[in-house]
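Here the structure comes first, spelled out in structure tokens, and everything after it is commentary.
Quick caveat, the model's predicted, so the values are computed rather than measured.
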Amino acid sequence: AARSAKMMENKVFLSFTFYSTILILKMYVVAIITGQVRLRKKAFANPEDALRNGGLQFCREDPDVQRCLRAHRNDMENIFPFLFLGAIYSLLDPSPTVARIHFLLFCVGRIIHTFAYLLCLRAPTRSVAYGLAQLPCFSMALQILLATTPYW
């Protein structure tokens, strides 16, 4: 109980937890959208799903489903490292305001990136959103490396 009370006092960790949870929920939404696009386009990855939904001819790929899958894969390639970096960064006792800005920038960048991907927004919207989200990650990684350099 004392440990969880101490964790709840860490405003940086609470902020990190909030934004991380938003991002994980966003990933679930992308997965649900992918499933809905599969159903609408009748493009299933597995024969048993195709058979249940009209026949083996619907065990096929579709460009819109592939776009959803790429958006989801891009999330995994970026949000999972953020979860590690943000958790470790939270332990470095950074300024709560600066940390919140890091987490908010990443979260907003990833949300814009998803909208740009799924709605096929004009370039360079997706690239700019990607870059925006990478900045706080590089900042956190650098701060972690600087804090841990004496121990290598």
- Please report the C-alpha distance between Asp93 and Val12 in whole Å, then the side-chain angles of each, then the deciding distance to 0.1 Å, and finally whether the side chain to side chain contact (heavy atoms under 4.5 Å, CB included) criterion is met. CA-CA 8 Å; Asp93 199 29; Val12 172; 5.9 Å; no
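- Side-chain atoms of Arg67 come within 3.5 Å of backbone N or O of Tyr117 as a donor-acceptor pair.
- The CG atom of Leu105 lies 5.0 Å from the CG atom of Leu132; values are rounded to the nearest 0.5 Å.
- Pairing each heavy atom of Ala45 with each of Arg38, the nearest pair is N-NH1, 3.4 Å.
- Of all heavy-atom pairs spanning Phe16 and Leu83, the tightest one is CZ-O, 3.2 Å.
- Heavy-atom neighbours of Arg70 CZ from other residues, nucleotides or ligands within 6.0 Å: above the threshold of 12.
- Linking ILVMFWY side-chain heavy atoms closer than 4.5 Å, directly or via other members, places Ile79 and Phe84 in a single hydrophobic cluster.
- One finds the CE atom of Met76 at 6.0 Å from the CE atom of Met27 (value rounded to the nearest 0.5 Å).
- Closest approach of Cys107 and Ile22 over heavy atoms only: SG-CG2, 3.7 Å.
- The backbone N or O of Asp64 sits less than 3.5 Å from a side-chain atom of Asp62, completing a donor-acceptor pair.
- His72 and Thr34 share no side-chain donor-acceptor pair at under 3.5 Å.
- With a 6.0 Å radius and a threshold of 12 heavy atoms from other residues, nucleotides or ligands, Tyr130 has its OH atom at or below the threshold.
- Cluster annotation: Leu25 is not connected to Val30 through the hydrophobic network of ILVMFWY side chains, with a link wherever side-chain heavy atoms come within less than 4.5 Å.
- Rounded to the nearest 0.5 angstrom, Leu23 CG and Lys26 NZ are separated by 7.0 Å.
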- Task: Verify side chain to side chain contact (heavy atoms under 4.5 Å, CB included) between Arg60 and Phe58, making sure each step is shown before the conclusion.
- Result: CA-CA 5 Å; Arg60 59 193 177 91; Phe58 298 117; 3.8 Å; yes
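- Considering only heavy atoms from C-beta on, Asp75 comes within 4.5 Å of Arg110 through its side chain.
- Distance check: Tyr19 OH to His102 NE2 gives 13.0 Å after rounding to the nearest 0.5 Å.
- Closest approach of Ile33 to Cys68, counting heavy atoms only: CG2-SG, 4.1 Å.
- Although no hydrogens or angles enter the test, the distance criterion places no donor-acceptor pair under 3.5 Å between the side chain of Ser15 and the main chain of Lys11.
- At least one side-chain heavy atom of Val37 sits less than 4.5 Å from a side-chain heavy atom of Arg40.
- One distance of note links CG of Asn53 with SG of Cys59; it measures 11.5 Å at 0.5 Å rounding.
- With values rounded to the nearest 0.5 angstrom, Ile88 atom CD1 is found 13.5 Å from Gln143 atom CD.
- Summarising the geometry of Ala99 relative to Pro94, their closest heavy-atom pair is CB-CG, 4.1 Å, with the distance given to 0.1 Å.
- Residues Ile111 and Ile32 do not share a hydrophobic cluster, clusters being chains of Ile/Leu/Val/Met/Phe/Trp/Tyr side chains in contact below 4.5 Å.
- Partner of Ser20 under the side-chain contact (heavy atoms from CB on, under 4.5 Å) criterion, chosen from Phe82, Phe106, Phe103: Phe82.
- Within 6.0 Å of atom CD in Gln66, more than 12 heavy atoms from other residues, nucleotides or ligands are found, so the atom counts as buried in its surroundings.
- Under a hydrophobic clustering in which Ile, Leu, Val, Met, Phe, Trp and Tyr are joined whenever their side-chain heavy atoms come within less than 4.5 Å, directly or via other members, Val29 and Leu119 fall into different clusters.
- Asn74 and Asn78 are linked by a side-chain donor-acceptor pair at a separation below 3.5 angstrom, with hydrogens and angles left out of the test.
- Heavy atoms only, all atoms of each residue included: Ala116 and Thr125 are closest at CB-CG2, 3.9 Å.
- Note on Leu104 and Leu135: separate hydrophobic clusters, where clusters join Ile, Leu, Val, Met, Phe, Trp and Tyr whose side-chain heavy atoms are under 4.5 Å apart, directly or indirectly.
- Residues Arg100 and Phe18 have side chains not in contact (no heavy-atom distance under 4.5 Å, counting atoms from C-beta outward).
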